[in-house]
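Report on the following structure.
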Amino acid sequence: MFGLIDCNNFYVSCERVFRPDLNGKPVAVLSNNDGYIIAVSNEAKHLGVKRKPVFEFKEEIEKYNITLFSSNYTLYGDMSSRVMSILSQMVQNIEIYSIDEAFLDFEGHNNLETFGKEITHTVTKNTGIPVSLGIASTKTLAKIANKFAKKHKAYHNVCIIDNEEKRIKALQLTPIEDVWGIGRRIAKKLNLYGVTTAYEFTQQSQSWVRKMFTITGERTWKELKGIACIDIEEIPPQRKQICTSRSFGKMLTDYDNISEAIATHASSCANKLRKQKAFANSLMVFIHTNCFREDLPQHCQNIVIDLPVATNDSIEIVHYALQGLKHIFVEGFQYKKCGVIITEISNHSQGNLFDAVDRDKRDTLMQIIDKLNGRGSVIKLASQGNSKEWHLKQEQLSPRYTTNWSDVIEIKCR
DNA sequence: TCTGGGGTCCTAGGACCC
DNA sequence: TCTGGGGTCCTAGGACCC
């Protein structure tokens, strides 16, 4: 049996752990640049707030006094690892699926009802984050069970689908667009053929599903029928791509500002590479104007650069990324976003006879920088600059309660 | 005025080769 | 009136996930 555990309204819950006064009150968390709502508390959901641009809910926010937070990924990342570490202690095999979700392998466990409740209870008690658990014979069904656990209080956070009757009932109550692997487009197409629930989807013939929705659709179809096709992946597969990009807090026209952003993104990619002990063979740099502004001239451009020697050296990666930027930057446009993508990754670096870089020395330098930097950022390259022109808008940022000494909360005893 | 960021997988179609 | 067939590799684009 598979379990899917999922933190309820994760970002909101993280904020509430340190702001218990907000329990029971409407809260929302914003995207980078505070432009978009990306997490909503149940109370705010009931007021009609959705994951959409903030300005669409200006009225509700004022009227109901909804508390907003800029996203604080340092805090969420740290809370996530606390949750995951508790889960790893309780279950042998776990696949961390996203910042707030994990699949659990229940092979060999009996009495899943009791064990499941013990898991959810322990996580919430030790971290303050409320969680829900769905259990079933496939990952896709466990996802569905999880939705029921979250939606209906009577389950007390744990829902198990462990017989045919429950499976069919659950599928009949699940709209097709809520199924893991069925997105907006495919749901719409299925609707056209009269398929609106997960159950109706499973009643179609396998060959039709295969023909219309390729092997991915067929896999979902099988999983819904209880045939497990997707296994727990304990060791995260090596990334095939590493990307860092951001929208700017405001539109930028100046090359120097954008080059500071590119240098910072490139350096962040290099960090991510070193963390997984991998090397870049090539990278892509891109810049965009704001495509929502139809009144302004648009310019979107990218360039791929092959690196002479596979590397994870920040200095080198930044150097090539900036070289790329020089090629694609055009004066006179108002840019809104840029980024660096490492497009080809390998596990080792093969030397090059004509290599002018002293790799051993650089390696040591990077190790020292990584050690000093730890979680925060102490050392950066000169090209990353100091101007804050391109930085995010984060007007409602909460303190880094768990990762910054000066932000740790004080408890006063009387 | 304000519109996230970071990933994956699959397919179709073109280029090229024999 | 006819213009092969099959294979590989690459890229762009579409779809999905959180």
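These numbers come from a predicted model, not from an experiment. Just so we're on the same page: letters track the sequence lines, and every chain starts at 1.
In this structure, K143(A) pairs ionically with E101(A), as a charged nitrogen and a carboxylate oxygen lie closer than 4.0 Å. In summary, R167(A) and E164(A) engage in a salt bridge, as defined by a charged side-chain N under 4.0 Å from a carboxylate O. Between E316(A) and R359(A) a salt bridge is recorded (basic side-chain N to carboxylate O distance below 4.0 Å). A salt bridge links K117(A) to E113(A): at least one charged side-chain nitrogen sits closer than 4.0 Å to a carboxylate oxygen.
Across the P atoms, dC18(C) and dT3(B) are found 24 Å apart, a figure rounded to whole Å.
One interatomic measurement links the two molecules: CG of L392(A) to C1' of dG4(B), which rounds to 10 Å at whole-angstrom precision. One atom, OH of Y76(A), and another, P of dG5(B), lie 15 Å apart when rounded to the nearest Å. Following rounding to the nearest Å, Q301(A) (CD) and dA12(C) (P) show an atom-to-atom distance of 12 Å. Spacing between atom CE of M284(A) and atom C1' of dA12(C) amounts to 10 Å, rounded to whole angstrom units. Atom NZ of K336(A) is separated from atom P of dT1(B) by 13 Å (rounded to the nearest Å). Whole-Å rounding puts the H265(A) NE2 to dG4(B) C1' distance at 13 Å. Distance CD1 (I38(A)) to C1' (dT3(B)): 13 Å, rounded to an integer number of Å. The distance from atom CG of L397(A) to atom P of dG4(B) is 18 Å, rounded to the nearest whole Å.
Residue K250(A) has no polar side-chain atom (N or O) positioned under 4.0 Å from OP1 or OP2 of dC2(B). Contact check, K337(A) against dT3(B): no side-chain N or O comes under 4.0 Å of OP1 or OP2.
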Protein and nucleotides 16-18 of chain C: nitrogen or oxygen contacts under 3.5 angstrom:
| unit_1 | atom_1 | unit_2 | atom_2 | d |
| --- | --- | --- | --- | --- |
| dC16(C) | OP1 | G183(A) | N | 3.0 |
| dC16(C) | OP1 | G183(A) | O | 3.0 |
| dC16(C) | OP1 | R184(A) | N | 3.4 |
| dC16(C) | OP1 | R185(A) | N | 3.2 |
| dC16(C) | OP1 | I186(A) | N | 2.8 |
| dC16(C) | OP2 | R185(A) | N | 3.3 |
| dC17(C) | OP1 | G181(A) | N | 3.1 |
| dC17(C) | OP1 | I182(A) | O | 3.3 |
| dC18(C) | OP1 | K143(A) | NZ | 2.7 |
| dC18(C) | O3' | S98(A) | OG | 3.2 |
| dC18(C) | O3' | D100(A) | OD1 | 3.1 |
| dC18(C) | O3' | E101(A) | OE2 | 2.7 |

Could you pull out the protein-nucleic contacts involving nucleotides 7-9 of chain B (nitrogen or oxygen on both sides, under 3.5 Å)?
| unit_1 | atom_1 | unit_2 | atom_2 | d |
| --- | --- | --- | --- | --- |
| dG7(B) | OP2 | C243(A) | N | 2.5 |
| dG7(B) | OP2 | C243(A) | O | 3.4 |
| dT8(B) | OP1 | K240(A) | N | 2.8 |
| dC9(B) | OP1 | K240(A) | NZ | 3.2 |
| dC9(B) | OP2 | K240(A) | NZ | 2.9 |

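Ring geometry, H152(A) versus F148(A): the interplanar angle falls under 30°, so the pair is classed parallel (tilted spans 30 to 60°). Between Y97(A) and F103(A), the two ring planes are perpendicular [angle over 60°; tilted spans 30° to 60°]. Between Y335(A) and F329(A), the ring planes lie tilted relative to each other; the angle falls in the 30° to 60° range.
From I215(A), atom CD1 reaches atom NZ of K222(A) across 9.5 Å, with rounding to the nearest 0.5 Å. For the atom pair CG of N290(A) and NZ of K336(A), the computed distance is 6.0 Å after rounding to the nearest 0.5 Å.
Nearest-nucleotide assignment on DNA chain B puts the 5′-proximal partner with K393(A), out of K393(A) and R246(A). If you find the closest nucleotide of DNA chain B to F55(A) and to S247(A), the one lying nearer the 5' end belongs to F55(A).
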Handout entry: Verdict with supporting geometry, I287(A) and F333(A), side chain to side chain contact (heavy atoms under 4.5 Å, CB included)
Key = CA-CA 10 Å; I287(A) 44 175; F333(A) 288 99; over 6 Å; no
Exercise for the section: Show your working on side chain to side chain contact (heavy atoms under 4.5 Å, CB included) between D6(A) and D100(A) and close with a plain yes or no. Expected result: CA-CA 6 Å; D6(A) 178 308; D100(A) 74 325; 3.7 Å; yes
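The environment of CD in Q92(A) is sparse: at most 12 heavy-atom neighbours from other residues, nucleotides or ligands sit within 6.0 Å.
Taking only side-chain atoms of K58(A), from C-beta outward, the nucleotide of dT3(B), dC10(B), dT1(B) with the closest atom is dT1(B).
Taking a pair as Watson-Crick or G-U wobble with both distances under 3.5 Å, the runs of three or more consecutive pairs in DNA chain B are B:5-18 with C:5-18.
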